[in-house]
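Within every chain, numbering begins at 1; the chains are lettered A, B, ... in the order of the sequence lines, protein sequences first and strands thereafter.
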Amino acid sequence: MKNYRIRICPSNKSILVQEGTTLLEALRMSGEKPDAPCGGRGTCGKCQVTVLAEGFRKVCRACQTVVDQDMTVELPEKGNRAQILSEGRRQKVEVLPGLDFMEGEQPESGRWCLMSFDIGTTTIAGYLMDGITGEELARDSCLNSQIQFGADVISRAVMAVEEGTERLTASVRSDINGLAASLAQKGGILPEDVALVSVVGNSCMHHLFLGITPKGLLKIPYMPEVTEGLRIPAADCRIKVNSKAELLMLPNIAGFVGADTAACMLWAGFDRIGSMTLLLDIGTNGEMVLGNKDRAVSCSTAAGPAFEGARIECGMRGKEGAIDHVFMEDGHLSYTVIGGGRPEGICGSGLLDAAAFLMKSGFLLPSGRMQKKEKLNTPESVIYKDRIREIGKRQAFVLAEEGETADGRPVYISQKDIRELQLGKGAIASGISLLCRELGIQVQEIEQVMIAGAFGNYMDPRSACEVGMIPSCLLDKIISVGNAAGEGARIAVLNREEYERSKRMAASVEFLELASDSLFQKIFIQNLDFPEQGGKKNCQSF
Amino acid sequence: MDEKVTAVFCAVDEGDTKNISRIVKEALGAGYSAEEIMNSAMMPAMEAVGEKFHRNEYFVSDMLLSAKTMKKGIAVLKPYLGGSADDSPGNVIIGTVSGDLHDIGKDIVAAMLRASGFNVLDLGVDVSGDEFVEAAEKNRDVDIVAVSALLTATLPAMKKIVSELNAVKERRKFKIMVGGAPVTEKFAASIKADAYSEDAPEAVKAARRLMQELKEERRAGAD
């Protein structure tokens, strides 16, 4: 079996790989963390690189390119400073972590510290607190390196079942240890001063962190292997804090609705809320809980990948260069770009705004089909009719022309992008409908809508209602609660009784499995469409 | 082509479920044969709809409407279509695997196959291996069994069902094709299905290819 040398630019790394290895694998082996939202299936196009070899230079997808000679691979320039969400709304909590197990040990810096981690499918957030005062000493976040194995929980779960959890588990633990070291440094303490760590994440992230194969999540009735809260030595998970430190895993609820949702509910104090509350955590997955202290039901929907920029032609994550908002200002179509520079692409919140604009101004029919140029007849659509082009074989609306963008290529929304958005928003809308039906309430009876999670924080609630993702009668009841899961993890580590409370809450939440619901399909199809102007349609209930 | 036949094409293309029956009857009444209407209107319309779907101009709801329209239109034509087995491109049994309640994709595939002239027996959703096998045994002239799954969770059921069908195949000649969102070419090959298709328009193409293979195999067998 022949070996070939792969040289990587700009890092100048060099590795030898066996003939037949894909370039994507080679990049992973070299320690680069290539983007592969589709997990290497060849369907998303996001792993594009430039290959130089004897006799040619071409752009190709790393996952589909097989090494059969020495090659140099040029990776695209990365601005990896993503807008990662760390801020959540602060709750006051008595600091009683219960550290008697540390008896006999002495912290180097004078007092014990606590850490909490929220392992999102795409991003991981970490917090460091003083163990006596509860004061936050540092916060940090990083991209979940498991992305190189696939953007979504299903592809990672499938990988774990097919080849074992080793690589996935090692990846997330390495990210956590990296964050732990950075938090310690920022907080002016040593990692050995950390006595207690709490961890939350959806069921799949939870299992992979612990090294548990999530096979239950891939088959009916979609039960996690572990639901109860766990208290184990941090060393069991190779987490580099004090050698005697303990780890608190918050409980999972059911299906993919996991410890992160339990943490959100803890932060919100769901078991004491009287008002009918919808808690929506829109990240890569969309988990939701509807109810109050008397009864609560949860479900999970596929919210991503459109909201994360994947499968969108000019899509990208929420980082520098991404158009994150689109709006009309003084009669002009305008947009903002993360980082303030020229746009390179569009992220989830931008896509949502763009769809809302296109819908309101008559560019889109309620079915989501782009109106033919000749048939445009509203004032706004006539002004911007020259933005409609045929790109590839599809209709598209150009948001930023060649001259305005960072790389000279236009940033546009295609007909296909609209369809991807419809699928995502239709799923969320359907989840909300079915939870209402399960609780026997009308949508209008919901008194507050708490939006948590990465995308949820950046999206414009008006756009969400205008496209029909959230019923428009709820617009004024929407509050953004930031990273409630991270905050819940923080509360659980600060106060042992709060951790116990999260276990009781998780055990009492009911779960609705949408895949087995015979009504889901019908409701989903209905919710794909955009609401008629005014959005009155989607406040009708059963 | 007379406007009466074009009207059938347009009705299918636009998903006009309300008027399709009347429009087909009018074309028959104007003297066009069922075969002409199939070949000049129904099939081209199905192709056009498939093409628009690939361009994302048509989406799920559009496909469902066109599928419903095709189904209604074929029902009107059926009694007038030629009876001999040679006339129909083939006989297909279709169903969604056990544990899976999704029928949208399957229904669209069934409708497009019918619009292409295939006879389709639809077993519905949540169909067990036993039910698939029984249907294949009972319908002696089945050419293709089409198996659909929409959940990653029901892929193991698809694997089991295809292996049970392959056991029946040892005694009888038919082909197995698979499809559905979590299904991939690789998976289809690993479970020994004869064909995989990514969406409904592709399924029609795959079915035609399989029929071609079958014809050649049968001819070779007869020699």
_Contacts of A/Thr21 that satisfy side chain to side chain donor-acceptor pair (under 3.5 Å) - sequence neighbours left out_ = none
_Region of A/Leu218 that comes under 4.5 Å of a non-hydrogen atom in chain B_ = both
*Sub-4.5 Å side-chain heavy-atom contact between A/Ile525 and B/Phe59*: no
Under 3.5 Å, which donor-acceptor pairs link chain A to chain B? Give each pair on its own line with the distance.
from: A/Arg369; atom 1: NE; to: B/Glu57; atom 2: O; distance (Å): 3.3
from: A/Arg369; atom 1: NH2; to: B/Asp62; atom 2: OD1; distance (Å): 3.0
from: A/Lys372; atom 1: NZ; to: B/Glu57; atom 2: OE2; distance (Å): 3.4
from: A/Arg394; atom 1: NE; to: B/Asn56; atom 2: OD1; distance (Å): 2.5
from: A/Arg394; atom 1: NH2; to: B/His54; atom 2: O; distance (Å): 3.3
from: A/Arg394; atom 1: NH2; to: B/Asn56; atom 2: OD1; distance (Å): 3.3
from: A/Arg419; atom 1: NE; to: B/Asn56; atom 2: O; distance (Å): 2.9
from: A/Arg419; atom 1: NH2; to: B/Asn56; atom 2: O; distance (Å): 3.3
from: A/Arg419; atom 1: NH2; to: B/Glu57; atom 2: O; distance (Å): 2.7
from: A/Gln521; atom 1: OE1; to: B/Asp103; atom 2: N; distance (Å): 3.0
from: A/Gln521; atom 1: OE1; to: B/Ile104; atom 2: N; distance (Å): 3.3
from: A/Gln521; atom 1: NE2; to: B/Leu101; atom 2: O; distance (Å): 3.3
from: A/Gln521; atom 1: NE2; to: B/Asp103; atom 2: OD1; distance (Å): 3.0

*Measure the CG-CG distance between B/Leu64 and A/Leu528 for me, rounded to the nearest 0.5 Å.*
9.5 Å
*Measure B/Ile104 against the heavy atoms of chain A and call it side chain, backbone, both or neither at under 4.5 Å.*
both
